[in-house]
Protein chains: 2
Amino acid sequence: MTSMTAEITPQPLIVWRMLQRAQVQITRSLEVELLSAHDLAPAAYDVLLQLSEATGRRLRMNDLAERVLLSRSGLTRLIDRLQRDGLVEREACTSDARGLFAVLTEAGERRLGEATPTYLRAVRGQFLDHLEEEELRQCAAVLTKLFARCSLEAPSDSPGAAGVPAGA
Amino acid sequence: MTSMTAEITPQPLIVWRMLQRAQVQITRSLEVELLSAHDLAPAAYDVLLQLSEATGRRLRMNDLAERVLLSRSGLTRLIDRLQRDGLVEREACTSDARGLFAVLTEAGERRLGEATPTYLRAVRGQFLDHLEEEELRQCAAVLTKLFARCSLEAPSDSPGAAGVPAGA
DNA sequence: CCTAGAAGGTTGTATAAGCACCCACACCTC
DNA sequence: GAGGTGTGGGTGCTTATACAACCTTCTAGG
């Protein structure tokens, strides 16, 4: 059993450790698939996805950086790469000369479309498929609670965020 | 349901996205605390922790790399840094001249001891404290299931891992 | 207006991590 | 016991990311 001397890892801590490992391993497997099949890093996929969901398929750099949890400089470089590959473009913001939009291109949309089945397959295969509906609901509840109670920023489409009237 | 136009992100997917964000944000906050208070990156903390839990306070490089989910070269460099700071030492393996042990030093143990309250405070404050016992149990159950059913490698002290006969 | 300061983005630089490759030793077969 | 294969670990190089400093433009106050 886990105890026999002083208990170094109290039970709740183990949950944290498991969570960490699970997340890392799932993410890594996702990364491998996405990279090998579509030459797309997870962060890049995330950018394309966020853009595709945004109105006008465009987002201000700053806004986008927050959504994908990247520093602004990190996003600058990521967009550089995506632009080089023709998946996004930068477009000036007419109402604020400092501002720039990252805009999803046709090619970017296509690439996102190609990659999405891979993405879904990976996430389901490593995660979602192994949970019952009930368990999934529990996860959702727990996570929602965390976002509400910690200072965590919820994803734009989670319950508690704008466009999703929770109980609907 | 969540829909109102075409639902781009089916409900289960949202769980995944929330999980990702939560994990990243918690980890980041943990990193900030650990770095600012103890000049210890999370990976470094993890290494010290694993060593402290190992018998003889030592682990083979390869073994350690697996436990902290780092590539071998990544671990080589991390141990380099920790060794430079006097927190671990390398020690030859008598039974296999190729092998090396990473060994926790006194200083490393001390540093781990200092950092642990910070670590615990962060994990609890961002995560554990916000969940009821019941929710925690649900999380544990879900994660355990994942480790069992996916090809994920469980942490050494989780249920399902070696020295831990689940029900004990 | 003109200036002070804040905000949006990019650039310089540092760091951690991974992959591919390399060397030394171990094991196995003959 | 000599050669081939595999394993443990380290090195060279590339990459993604962060932080800090920077430039430009916007906004407020005088």
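The model shown is predicted, which means the values in this text are computed figures rather than measured ones.
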Between the protein and nucleotides 12-15 of chain C, are there any N/O to N/O pairs under 3.5 Å, and if so, what are the atom names and distances?
{"from": "C:dG12", "atom 1": "N7", "to": "A:R77", "atom 2": "NH2", "distance (Å)": "3.0"}
{"from": "C:dG12", "atom 1": "O6", "to": "A:R77", "atom 2": "NH1", "distance (Å)": "2.8"}

| message | For a quick check, tell me whether the side chain of B:R98 and the base of C:dA24 share a donor-acceptor pair closer than 3.5 Å. | response | no
| remark: Result for 5'-nearest mapping on DNA chain D, choosing between B:G99 and A:A43, is B:G99
| remark: Of A:S71 and B:L75, the one whose nearest nucleotide on DNA chain D sits closer to the 5' end is B:L75
In this structure, how many angstroms lie between the [atom2] atom of [N] and the [atom1] atom of [X], rounded?
{"X": "B:L78", "N": "D:dT11", "atom1": "CG", "atom2": "C1'", "result": "17 Å"}
{"X": "A:E91", "N": "C:dG9", "atom1": "CD", "atom2": "C1'", "result": "16 Å"}
{"X": "A:L82", "N": "C:dT10", "atom1": "CG", "atom2": "P", "result": "13 Å"}
{"X": "B:L100", "N": "C:dC23", "atom1": "CG", "atom2": "C1'", "result": "13 Å"}
{"X": "A:D63", "N": "C:dG8", "atom1": "CG", "atom2": "C1'", "result": "12 Å"}
{"X": "B:D46", "N": "C:dA16", "atom1": "CG", "atom2": "C1'", "result": "15 Å"}
{"X": "B:L64", "N": "D:dG9", "atom1": "CG", "atom2": "P", "result": "10 Å"}
{"X": "B:R58", "N": "D:dG9", "atom1": "CZ", "atom2": "P", "result": "14 Å"}

| Check against salt bridge (Lys or Arg N to Asp or Glu O under 4.0 Å), A:K145 and B:E132 | CA-CA 11 Å; A:K145 195 168 171 185; B:E132 313 292 340; 3.4 Å; yes
| Is B:E134 atom CD crowded by more than 12 heavy atoms from other residues, nucleotides or ligands, each under 6.0 Å away? | yes
| task | Check the surroundings of atom CD in A:E135: do more than 12 heavy atoms from other residues, nucleotides or ligands lie under 6.0 Å from it? | result | yes
| Residue A:D96, side-chain atoms from C-beta onward, closest of C:dA17, D:dT25, C:dG9 | D:dT25
| Short side-chain N/O contact from A:N62 to OP1 or OP2 of C:dG9, under 4.0 Å | yes
| said: Looking at C:dG18, I'd like to know if its phosphate oxygens (OP1 or OP2) sit under 4.0 Å from a side-chain N or O belonging to B:R72. | reply: no
| said: Among B:L104, B:L112, B:T105, which residue satisfies the side chain to side chain contact (heavy atoms under 4.5 Å, CB included) criterion with B:L51? | reply: B:L104
| message | Run B:E53 and A:R17 through salt bridge (Lys or Arg N to Asp or Glu O under 4.0 Å) and show every step you take. | response | CA-CA 14 Å; B:E53 290 176 349; A:R17 288 221 221 166; 2.6 Å; yes
| query | A:L70 near the nucleic acid: base, sugar-phosphate alone, or nothing, with a heavy-atom cut-off under 4.0 Å? | reply | sugar-phosphate
| said: Mind checking if B:A65 touches a base, just sugar-phosphate, or nothing, with heavy atoms under 4.0 Å? | reply: nothing
| First of B:A97 and A:T76 reached from the 5' end of DNA chain C, by closest nucleotide | A:T76
| message | Run B:L19 and A:L19 through side chain to side chain contact (heavy atoms under 4.5 Å, CB included) and show every step you take. | response | CA-CA 9 Å; B:L19 177 60; A:L19 178 59; 3.5 Å; yes
| query | Below 4.0 angstrom, N of the basic side chain to O of the carboxylate: do A:D63 and A:R67 qualify? | reply | yes
